[in-house]
Amino acid sequence: RAELLKSIWYAFTALDVEKSGKVSKSQLKVLSHNLYTVLCIPHDPVALEEHFRDDDDGPVSSQGYMPYLNKYILDKVEEGAFVKENFDELCWTLTAKKNYKPDRNGNSVVSHQDAFKLWCLFNFLSEDKYPLVMVPDEVEYLLKKICTAMNVELNSCELDDYLSQEPQGQGGLTVWQFLDMVNSGRFLRGIEQEAISMAVEEVYQEVIEDVLKQARNPHIPGYLWKRGQLRRNWSERWFMLKPSVLSYYMSEERKEKKGSIALDKHCCVEVLPDRDGKRCMFCVKTLSRTYEMSASDTRQRQEWTLAIQMAIRLQAEGKKSLHKDLKQKRREQREQREQRKAAKEEETQRLKQLQEEKERKLQELELLKEAQRQAEILLQEEEQRRRQQHEEMQRTLEIQLREAEQARASMQAEMVLKEAEAERQRKRILELEDMQERLQEALQQEVKARQDEEAVRYAQARLLAEEEEKLKQLMKLKEEQEEYIIKTQREKQVLKQEMENKNKCLEEAQKQLEEVRVNRQRVDQDVMAAQRKLRQASTNVKHWNVQMNRLMHPIGPGDKRTNVSGGVFAGYQPLLSRRDSSLKLKQRVEDKDSDPTRENSKENVSNGGNSSVLPSPDVDTMATEPTN
């Protein structure tokens, strides 16, 4: 999921034309549809339309797109059900169109396809933080892998100089800075583009496609010979090793796959002695079969055995990718190195602080010593000054003592006089206290009398207020009683008027009821008369039908027709005319019989309930005319 998110992040930022961190819903809708296709996920058009329907919310940020991406796309992705390269090509096409800017003169070191593979390698090795960057250690690691594939040594000093010149080189390079650095040719001088493409392809297969080992060019000894299981013959095959499987093909184009060997923790690889004209032999043992192979030389056999043992070890440890494990270890080493560096810096900072603290304390100690010397000098001066003050004070006290003794003698004489005066004053005070007590008693009596007077006045005022309040209430009740009497009289008159109106209305309603009853009786009589007329008309029509049937009886064959214009046919002309009129009348009567209710209702409405049927005497006369 983390690797898919990196590629999707590039596609999302490529659609953010205004660089505001938001993309329109229509573009995200198209992006989601394409992701469904390349990840081989069943399309969910309802959820797609519902989530990206047009409303007033405007463009969507990456945080707003993540819930839909996680729920409807990433949670449904199954590993191995899609081609990772097709997915990466979709995201690369979107982002390269906007951000990748190769040399227009065609002087770029890498082709567009190689740039795509370098972009995939960058995504794999970049940190899991956004925006995506690749730390300098990983940049150096990737360039060393590419140079090693070309048998070229990387100039690390020049790479460090380049990274130090970049403003963000110490923190890491973005993929576009990395591609610009590769296209500049600074680290790949004098190397043909084809060699660079082969090296990039090899590193791409090793890192992205987890190819641990594969045969080289068929013209160079590198193809392995494999012994068949049934025919036991030796065939040259192009082998490709991944952490979980060792596949072999007819050629390096990998168009015709001949088979594969599933590797797990129970497999093992052993070196075999030369036999049957084959040398540098080894075998891969699984639980079900042993596969014998032969390499071109001892070095190639050693490389293949070590690579297969590494794949088996990865399966035993439950690891799916060697380079993912190596990337994690490098990341842990970087973190440990950064932690050690941070701890060292922290220790250096702490030592620096301790040194500063020590120097500060030494300065404080010097200041304290200086202050102590100053304090000793001040103490000596203070002791000398205090001694002088003590001597002066002693002399002053002796003088004051003599003066005090003289003052004591004079004061004793004054005390005797004062005591006599005090005795007189005490007597005077006693007299004044007695007089004060009598005055207080008189004052209390006066205060009590005034309080009684105030209480009586308050009670009198309260009684007057209550009497006035009751008088107001009585007047208010009297006014309410008069208003109520007037209101009652008015209501009585209104009720009386309403009763008279209701009596009138009742009388009119009774009259109308009587008229309705009379009209109903009259209508019932009209209906009964119409029914009688209808029954009479039906009887007459039946009688007329009988007469018509007799009239239309066919003529017998014995009659002779002597004259067509006169004679016998001359006497039938009036009869034929009457027959036509009788047929018209019969048709009219049948129409009336088919809908008697409608005809009777129309006639009753138009004639006031009287039916307009043919009178029976006329019908009888018409019916009997042919007989006569």
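As a basis for the values below, the full set of heavy atoms in this structure was taken, side chains included, without hydrogen atoms, waters or symmetry mates.
Of the charged side-chain nitrogens involved, none lies within less than 4.0 Å of a carboxylate oxygen, so that E138 and R331 do not count as a salt-bridged pair. Between R438 and D434 there is a salt bridge, since at least one side-chain N of the basic residue sits less than 4.0 Å from a carboxylate O of the acidic one. The existence of a salt bridge linking K476 and E479 is excluded, since no basic side-chain nitrogen approaches an acidic carboxylate oxygen closer than 4.0 Å. A salt bridge does not link E346 with R350: none of the charged nitrogens is closer than 4.0 Å to a carboxylate oxygen. Between R313 and E317 there is a salt bridge, since at least one side-chain N of the basic residue sits less than 4.0 Å from a carboxylate O of the acidic one. A salt bridge does not link K427 to E431: none of the charged side-chain nitrogens sits closer than 4.0 Å to a carboxylate oxygen. A salt bridge is absent between E498 and K502; no separation between the charged side-chain nitrogens and carboxylate oxygens falls under 4.0 Å.
Here L118 contributes atom CG and Y204 contributes atom OH; the two are 11.0 Å apart, rounded to the nearest 0.5 Å. Within the model, atoms CD of E140 and CG of L143 stand 8.0 Å from one another, a figure rounded to the nearest 0.5 Å.
Side-chain contact between R337 and K341: absent, with no pair of heavy atoms (C-beta onward) separated by less than 4.5 Å. Two residues are said to be in side-chain contact when any heavy atoms from C-beta on lie closer than 4.5 Å; N123 and M134 fail this criterion. Looking only at side-chain heavy atoms (C-beta outward), W9 and L132 come within less than 4.5 Å of each other. The shortest side-chain heavy-atom distance between Q384 and Q380 does not fall under the 4.5 Å cut-off. With a 4.5 Å cut-off on side-chain heavy atoms, T174 and P131 do not count as touching. Proximity of L39 to E78: side-chain heavy atoms (C-beta onward) are nowhere separated by under 4.5 Å. Residues L28 and F12 are in side-chain contact: their nearest non-hydrogen atoms beyond the backbone lie under 4.5 Å apart. With contacts defined as side-chain heavy-atom distances shorter than 4.5 Å, the pair Q333/D137 does not qualify.
The side chain to side chain contact (heavy atoms under 4.5 Å, CB included) test applied to Q481 returns I485, not counting sequence neighbours.
Between L4 and L74, the shortest heavy-atom contact is CD1-CD2, 4.1 Å. Scanning all heavy atoms of the two residues, the minimum distance from V203 to A149 falls at CG2-CB, 4.4 Å. Shortest non-hydrogen contact noted between H112 and W92 is NE2-NE1, 3.3 Å. Residues I8 and C91 approach most closely at N-SG, 4.1 Å, considering heavy atoms. Closest approach of A199 and M150 over heavy atoms only: CB-CG, 3.2 Å.
In this structure, the ring of Y10 has its center less than 6.0 angstrom from the ring center of W119.
Each of F124, Y130, F122 was evaluated against S126; a single residue qualifies, F122, per the side chain to side chain contact (heavy atoms under 4.5 Å, CB included) test.
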Please lay out, stage by stage, how L35 and L69 fare under the test side chain to side chain contact (heavy atoms under 4.5 Å, CB included).
-> CA-CA 10 Å; L35 292 177; L69 183 63; 4.2 Å; yes
